[in-house]
Amino acid sequence: MSRRWTQITKSTGAPLLWLAVLWLGGTNLRLTVLAVPPVLPLIHRQLALSERAVGALSGLPVLLFGLAAIPGSLLIARLGARRAAVAGLLLVSAASAARGIGPSAPMLFAMTFVMAAGIAVVQPALPSLVGSWFPSRPGFATAVYANGLLIGEALPAALTIPLVLPAIGGSWPASFAVWAIPPAATAVLLALCPEPAKSAASILTGGAARWWPDWRSRELWQVGLMLGGTGGLYFASNALIPDYLHAIGRPELVTAGLSALNLGQLPASLLLLVMARQLGGSKGTVVAMQVVGLAGIAALVAAGPWLAIAGAGVIGFCCAFTLIVTLALPPQLVEAGDVHRLSAGTFAIGYALSCLVPLAAGAAWDATGRPAASFAAPATATLIVLAAALTFRFPE
């Protein structure tokens, strides 16, 4: 394994520090956001939040990821990808820690807003760094930071209750401060890395970097729809699985279902790390993965309980595979200096669609009274990805 790792870093011409920073940057896209669910019962009780407020606290970051992506592109154009990412990470760290001040519900929501805005800056900055540091291996480099993203989703759930809370006296505000340390440390490491070179287009225009997405670009909409449909399938499945299993009389399988969904993402990430060049840019693999995702939904809804758990794992694998491939596309489609514009546009479209799919799923359940009907929305999201992939011209 060490020999292969050395070969990979030599072939990209990039030091290990860049790979480590990309991986850590990926973890910080989700780490502070998902530090909330393990302590949500404590927050709910101490601040007397309503169920609607709890839902808003969980949904606010996802909404901001889309709304603040374009201002994030502007910041990248003004400061450069590295400096913008450093600023975003420091903002994430400070706001994450400040969420527990008081404790106060207004402070919690206000700092959650600021924290999500910081993440929205880092998100389009990472593909820009990939395009500059790893121009010959964007699929591999994207798989590295996407693997960090997936690990960042799992760490707070795995460590907060058994390790972090006992070490800090059970204080949820202090737990937010603990999870604020990794973004700050990553910002310090990123500050040691070189600033990506300006694109040829930027040089020709006298160094004035562009930031507004080209909404007329067919590729922008295709990549955004692939990103959004994948996110919609993932977020809707996370939201639906607990209530669905309760509704069919198998509440004891909720933990297994959610674990399968989220742990099922890791094999896809590892597969793309090892075989990014062979698998990443193939239309056939992306299309096949959507068929696999639809099969996972069918197994989850129509099959027996334990096969339903396997279906959840298949959905997680499909989501992670498609997400990583989609994130790797902007550095392959445009010059390094324009990656942030394309990424920001795709994130704006993608997260808007990702937010709509769970809402549509809940509306379908309410309208029909049939739990299985709610999965029509994530199935439709998967078909949107399939349609976009079939019409998209993948880079060679």
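Annotation: the span from L300 atom CG to I309 atom CD1 amounts to 7.5 Å, rounded to 0.5 Å. Taken to the nearest 0.5 Å, the CD atom of E153 stands 11.0 Å off from the OG1 atom of T27. For the atom pair CG of L155 and CZ of R30, the computed distance is 14.0 Å after rounding to the nearest 0.5 Å. In this structure, CG in L327 is found 7.5 Å from CG in L149, a value given to the nearest 0.5 Å. Separation of atoms OG (S93) and CZ (F176) is listed at 13.5 Å; rounding is to 0.5 Å.
The list of side-chain hydrogen bond (donor to acceptor under 3.5 Å, both in side chains) pairs with a residue in residues 98-116, not counting sequence neighbours, reads S96-R99. Residue pairs meeting the side-chain hydrogen bond (donor to acceptor under 3.5 Å, both in side chains) criterion with at least one partner in residues 162-175, sequence neighbours excluded, are Q46-W172. Among residues at least two apart or in separate chains, salt bridge (charged side-chain N to carboxylate O under 4.0 Å, His left out) pairs with a member in residues 249-258 are R250-E252. Contacts classified as ring pair (Phe, Tyr, Trp, His ring centres under 6.0 Å) and involving residues 364-387 (residues at least two apart or in different chains) are given here: Y244-F375.
Using a 4.5 Å cut-off on side-chain heavy atoms (C-beta onward), C355 and F235 make no contact.
Taking E219 as the reference, nothing meets the salt bridge (Lys or Arg N to Asp or Glu O under 4.0 Å) condition, with sequence neighbours excluded. Remark: R216 pairs with D214 by the salt bridge (Lys or Arg N to Asp or Glu O under 4.0 Å) rule, at least two apart or across chains.
Put simply, L356 and V385 are part of two different groups of oily side chains (I, L, V, M, F, W, Y) that touch within less than 4.5 Å, one to the next. Residues V357 and L67 fall into different hydrophobic clusters, defined by Ile, Leu, Val, Met, Phe, Trp and Tyr side chains chained together at heavy-atom separations under 4.5 Å.
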side-chain hydrogen bond (donor to acceptor under 3.5 Å, both in side chains) between N262 and Y234, intermediate numbers included | CA-CA 9 Å; N262 289 285; Y234 174 72; 2.5 Å; yes
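Judged purely by atom type and a 3.5 angstrom limit, T32 has no side-chain atom pairing as donor or acceptor with the backbone of N28.
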